[in-house]
Amino acid sequence: MQNRLGKKFYIREVTTVAKELLGKTFVKIVDGETVSAKIVEVEAYYGAIDEAAHSFGGKTKRNKVMFNEGGSLYVYFIYGTHYCCNVVTGLQNDGSAVLIRAVEPLTGIDYLAENRYGKTKLTEKELMGLTNGPGKICKAFNITKKENGIDLSGEEVFLLDAKKVDKSKIVQTVRVGIKKSAELPWRFYLKDNPFVSRI
DNA sequence: ATCAAGATTACCT
DNA sequence: GGTAATCTTGATA
C-alpha cells in the first residue's frame with residue numbers, strides 16, 4: 001500500500017529530499033482518473049549558496065513560490081516555450097526546491113500521450129520520449145502556471161511513498177543545462193533507467 | 001523603453 | 001551540429 005508523502009518529508013535539506021524523491025510516484029488526478037509516473041531523475045537547487053537557483057538573489061514575482069515552506073509545487077516558464085516543475089523543500093524562505101527532470105509513466109499513459117503528441121497510439125520511440133525531460137513532463141501532465149504554488153497535500157497533485165531505492169542504484173552527477181554553479185554535483189538519477197533524460 | 005539571457009525541445013541540414 | 005520558438009526578469013537609458 002502506498003501512502004502520501006507528508007509535510008515532514010519535504011521540510012528537510014534539499015539534497016536529501018532530492019535523493020529520496022527517486023522512485024517515488026508523482027500523481028495527478030484528472031476527471032477522477034489517476035495519472036501517475038515514477039520519478040527517475042531530479043536536480044536540487046538551493047538559493048542561499050547556489051547561483052543557478054532562481055531564488056539566488058531574492059524573492060521575485062516569478063520565484064516567490066520557491067520561498068514557501070516545503071510541500072508546494074513551483075512551476076516556471078522558460079525559453080518562451082516550456083514549463084518546468086519543481087517540488088519546494090525546506091523551511092519558509094529557504095528558497096530551495098527539487099526540479100523533476102524525468103519520470104517513467106505508470107498509469108494514464110493515454111492522457112500523457114494525448115497531451116504530448118495529440119494521439120494515443122505511440123511507437124516505441126515516442127513512448128520512450130514521452131516524459132524524459134523537464135519540459136516534456138509538464139506538457140504530458142498538462143502542468144502550467146495554473147498549477148504554480150499548489151499544495152502537494154491537496155487532492156489534485158501529490159506524491160506517493162514507495163519502497164526506498166537502494167543506494168547503489170542512485171547516480172550523482174553535475175546538473176544539466178546551466179552555466180552558473182555548474183560544478184555542484186546536485187543531479188541524481190536511477191542507474192540504468194531508460195527514461196532518464198541524459199547519461 | 002529597450003534588451004539580453006535563461007534549470008528546453010523539436011526540427012532542420 | 002545548429003537554431004527557432006517567443007515569456008519573464010533584471011540591467012541599462
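Below, read A as the first sequence line, B as the second, and so on, with proteins coming before strands; counting in each chain starts at 1. Just so it is clear, the structure is predicted and the values come from calculations on it, not from any experiment.
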Student: Quick check on the 6.0 Å ring-centre criterion: do A:Phe26 and A:Phe141 meet it?
Tutor: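 Centroid separation for A:Phe26 and A:Phe141: below 6.0 Å.
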
Student: Let me know the distance between NE2 of A:His54 and P of C:dT9, rounded to the nearest Å.
Tutor: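 Rounded to whole Å, this separation is 11 Å.
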
Student: Across the strands shown, which category fits A:Asn63 at heavy-atom distances under 4.0 angstrom: base, sugar-phosphate, nothing?
Tutor: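 No contact.
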
Student: Across the strands shown, which category fits A:Arg187 at heavy-atom distances under 4.0 angstrom: base, sugar-phosphate, nothing?
Tutor: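 The answer is nothing, as A:Arg187 stays clear of every strand by at least 4.0 Å.
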
Student: When you check the side-chain N and O atoms of A:Ser36 and A:Thr25, is any donor under 3.5 Å from an acceptor?
Tutor: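 A:Thr25 and A:Ser36 do not have a side-chain donor-acceptor pair below 3.5 Å.
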
Student: With rounding to whole Å, what would you report as the distance between B:dA4 and C:dA4 at their P atoms?
Tutor: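 Per the computed distance, 14 Å lies between those P atoms.
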
Student: Rounding to a whole Å, what distance do you find between A:Ile78:CD1 and C:dT6:C1'?
Tutor: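 Atom CD1 in A:Ile78 sits about 12 Å away from atom C1' in C:dT6.
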
Student: Could you tell me how far apart A:Lys64 (NZ) and C:dT8 (P) are, to the nearest whole angstrom?
Tutor: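 So the NZ-P distance, A:Lys64 to C:dT8, works out to 13 Å.
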
Student: Would you say the ring centers of A:Tyr76 and A:His54 fall short of 6.0 Å from each other?
Tutor: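 Centroid distance A:Tyr76-A:His54: below 6.0 Å, so yes.
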
Student: Just the rounded figure in Å: distance from C1' of C:dT8 to CE of A:Met66.
Tutor: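 In whole Å, C:dT8 C1' and A:Met66 CE are 16 Å from each other.
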
Student: Roughly how far apart, to the nearest Å, are C:dT3 and B:dA5 at atom P?
Tutor: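 After rounding to an integer number of Å, I get 15 Å for this pair.
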
Student: May I ask you to check whether over 12 heavy atoms, not counting those of A:Glu124, lie within 6.0 Å of atom CD?
Tutor: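 No - once you tally the heavy atoms of other residues, nucleotides and ligands closer than 6.0 Å, there are 12 at most.
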
Student: Taking the C1' atom of each, how far is B:dA10 from C:dT8, in whole Å?
Tutor: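 Per the computed distance, 22 Å lies between those C1' atoms.
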
Student: Tell me: NZ of A:Lys59 to P of C:dT9, nearest whole Å?
Tutor: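 Those two atoms, NZ and P, are 15 Å apart.
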
Student: Is it the case that the side chains of A:Glu104 and A:Asn193 hold a donor-acceptor pair, with the cut-off being a distance below 3.5 Å and no angle test?
Tutor: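 A pair is found: one side chain offers a donor N or O, the other an acceptor, under 3.5 Å apart.
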
Student: How does DNA chain C read in dot-bracket, base by base from 5' to 3', with Watson-Crick or G-U pairs under 3.5 Å and | used when the partner is on another strand?
Tutor: |||||.||||||.

Student: Which nucleotide span of DNA chain B, 5' end to 3' end, has atoms closer than 4.0 Å to non-hydrogen atoms of chain A?
Tutor: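 Footprint of chain A along DNA chain B, 5' to 3': B:dG6 to B:dA10.
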
Student: What is the distance, rounded to the nearest whole Å, between atom CG of A:Asn148 and atom P of C:dT8?
Tutor: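 Rounded to the whole Å, the gap is 12 Å.
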
Student: Is the NZ or CZ atom of A:Arg12 both under 6.0 Å from the centre of the six-membered ring of A:Phe9 and within 45° of that ring's axis?
Tutor: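 That pair qualifies as a cation-pi contact.
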
Student: Answer yes if the side chains of A:Thr120 and A:Glu114 hold a donor-acceptor pair under 3.5 Å, and no otherwise.
Tutor: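 Per modelled atom types, A:Thr120 and A:Glu114 side chains form no pair under 3.5 Å.
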
Student: Could you say whether A:Lys145 or A:Thr81 is positioned toward the 5' end of DNA chain C, judged by the nucleotide with the nearest heavy atom to each?
Tutor: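 Per heavy-atom nearest nucleotide, the more 5' residue is A:Thr81.
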
Student: Any ring pair (Phe, Tyr, Trp, His ring centres under 6.0 Å) pairs touching residues 175-199 of chain A, not counting sequence neighbours?
Tutor: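 As it turns out, there is no ring pair (Phe, Tyr, Trp, His ring centres under 6.0 Å) pair with a partner in residues 175-199 of chain A once direct neighbours are skipped.
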
Student: Select from A:Tyr117 and A:Ala53 the residue whose nearest nucleotide in DNA chain B is closer to the 5' end of that strand.
Tutor: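 Upstream on the strand: A:Ala53.
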
Student: Could you please spell out the steps behind the side-chain contact (heavy atoms from CB on, under 4.5 Å) verdict for A:Lys167 and A:Lys19?
Tutor: CA-CA 9 Å; A:Lys167 223 168 132 187; A:Lys19 252 179 286 192; over 6 Å; no

Student: Look at atom NZ of A:Lys7 and say whether more than 12 heavy atoms of other residues, nucleotides or ligands are closer to it than 6.0 Å.
Tutor: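 Yes.
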
Student: Mind checking if A:Lys61 touches a base, just sugar-phosphate, or nothing, with heavy atoms under 4.0 Å?
Tutor: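 Here A:Lys61 touches the backbone only, sparing every base.
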
Student: Could you check whether A:Arg175 gets within reach of a base, just the sugar-phosphate, or nothing at all, counting any heavy atom under 4.0 Å?
Tutor: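 Counting heavy atoms under 4.0 Å across all strands, no contact is made by A:Arg175.
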
Student: With a non-hydrogen cut-off below 4.0 angstrom, is A:Thr60 in contact with a base, only sugar-phosphate, or nothing?
Tutor: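 Sugar-phosphate contact only.
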
